[in-house]
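Structure record follows, encoded as structure tokens.
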Amino acid sequence: MKARTAAMAATTAVLCLAAVACGPSDDKSEKDGKAAGTSAKPSGTDTPDPAASDSAAPTSTPSSSGKVLSKAELAKAALTTGEVADYEVTPMQGGDETGTEKSENDDCRPLVAVINGAPEPAAAATVFRTVMDKSEEGKDDQTVVTEILTSHPDGSAQQLMRGVRDAVQACKGGFRTSSEDGPSSYTQVKQLNLPRAGQESIAYQVTGSIEGDKVPLVFQLVRTGSTVVTFYVANFIDPKTPELPAELVAAQAAKLP
């Protein structure tokens, strides 16, 4: 199996998340490489939802102004190279090109929106980043994480989190999508117990398929105030659950206003 460079692995992650959504592919080699997942509450200073975490609560919960950030403010809040040792942060290639997958089951629509790189409800502003572990440079399984920062007015950030949480429970048996590129199949959805971050968070795995081979995709969504950060990592080498570096999630959450 031909090894891919880190740059190719990152590009594959972008294409998977924002273009073909990890559905069936005519190119088997796409498996090679690992890329590194009610009424709305009004915006403003808010408190965490006690039922909003998929893991134990942190020792303290951050406060937030609830400000709806502009694109420039989101970019300022995003991680930068040097803030987490060994990790390089760059604008995501093709980041403005979101996917077009449509869920055949409306209950699973929030999960498909995340896979498309366009969480719903629609964001007021969005910033995309790729985060790569430079200490693993040259390795076939170099960690590559896609990060999407979105800002949401009028309590829709909380609505987004509720929608994803409900969909994880409703779509455990998997779901199918359709697009101009054809149908895609996801065989399983399961919640993961990753460390909590922000005011609320949820982590889960969606198992996709490329030519019948299982491709595990891990997502973690973190909300503080009106800002949601979506982290995404995939394993194109084998069906093992990929690791989302907790230090990245914690560092990014700490920068959210």
Side-chain angles (χ1 to χ4, degrees), residues 2-37 69-84 86-101 112-119 122-123 125-151 177 179-181 184 206 208 210 215-221 227-237 242-245 248-249 251-252 255:
K2 185 179 180 180
R4 295 201 170 214
T5 63
M8 182 61 75
T11 301
T12 301
V14 173
L15 293 174
C16 175
L17 179 64
V20 301
C22 283
S25 170
D26 293 331
D27 184 2
K28 180 76 169 184
S29 66
E30 285 187 21
K31 285 194 71 219
D32 303 338
K34 173 184 176 184
L69 303 184
S70 66
K71 187 168 184 175
E73 289 170 327
L74 282 179
K76 186 176 181 180
L79 283 177
T80 59
T81 299
E83 291 184 312
V84 181
D86 297 326
Y87 286 93
E88 179 182 68
V89 184
T90 59
M92 191 174 84
Q93 299 177 39
D96 292 333
E97 300 177 10
T98 56
T100 60
E101 298 294 301
V112 177
V114 172
I115 290 172
N116 281 335
T126 304
V127 165
F128 298 85
R129 294 290 183 266
T130 297
V131 187
M132 303 175 66
D133 187 344
K134 299 299 287 184
S135 71
E136 298 176 347
E137 191 166 11
K139 296 182 178 180
D140 295 346
D141 61 348
Q142 181 178 8
T143 299
V144 182
V145 179
T146 295
E147 179 181 316
I148 306 173
L149 293 86
T150 52
S151 60
T177 67
S179 74
E180 58 186 17
D181 297 316
S184 296
V206 175
I210 294 181
V215 180
L217 319 173
V218 167
F219 298 89
Q220 184 168 8
L221 277 67
T227 303
V228 175
V229 183
T230 300
F231 300 89
Y232 158 75
V233 63
N235 185 354
F236 295 97
I237 295 177
E243 180 180 352
L244 177 59
L248 286 181
V249 177
Q252 179 58 83
K255 290 191 69 176

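Not measured: the values here are computed from a predicted model.
Ion pairing of K76 with E73 is absent here, as no side-chain N (NZ or NE/NH1/NH2) approaches a carboxylate O to less than 4.0 Å.
Put simply, CD on E243 and OG1 on T143 are 7.0 Å apart, with the number rounded to the nearest 0.5 Å. Taking CD1 of I148 as the start and OG1 of T126 as the end, the distance is 8.0 Å to the nearest 0.5 Å. Of the inter-residue distances, the one linking L69 atom CG with T227 atom OG1 reads 4.0 Å to the nearest 0.5 angstrom. Between atom CZ of residue F128 and atom OG1 of residue T230 there is a gap of 9.5 Å, rounded to the nearest 0.5 Å. Summarising the geometry, atom CG belonging to L221 is positioned 7.5 Å from atom OG1 belonging to T150; distances are rounded to the nearest 0.5 Å. L248 CG to Y87 OH: the interatomic distance, rounded to the nearest 0.5 Å, is 5.0 Å.
Smallest separation of non-hydrogen atoms from L217 and A234: CD2-CB, 3.6 Å. Shown here for E101 and V112, the closest heavy-atom pair between the two residues is O-CG1, 3.4 Å. Nearest heavy atoms, G117 versus T98: O-CG2, 3.7 Å.
Between T146 and M92, the closest side-chain pair of non-hydrogen atoms falls below 4.5 Å. Using a 4.5 Å heavy-atom cutoff, the side chains of D86 and K134 are not in contact. Looking at P119 and V228, their side chains never come closer than 4.5 Å, going by heavy atoms from C-beta outward.
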Test side chain to side chain contact (heavy atoms under 4.5 Å, CB included) applied to L79 and R129, step by step: CA-CA 8 Å; L79 283 177; R129 294 290 183 266; over 6 Å; no

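Judged by distance alone, with hydrogens and angles left aside, the side-chain atoms of N235 form no donor-acceptor pair with the main-chain N or O of P242 at under 3.5 Å. For S184 (side chain) and T177 (main-chain N/O), no donor-acceptor pair under 3.5 Å exists by modelled atom type. Proximity of a side-chain donor or acceptor of K255 to a complementary backbone N or O of A78 within less than 3.5 Å is detected. Under the 3.5 Å distance criterion, the side-chain polar atoms of E147 are left unmatched by any main-chain donor or acceptor of V127.
No side-chain N or O of T81 forms a donor-acceptor pair with one of E88 less than 3.5 Å apart.
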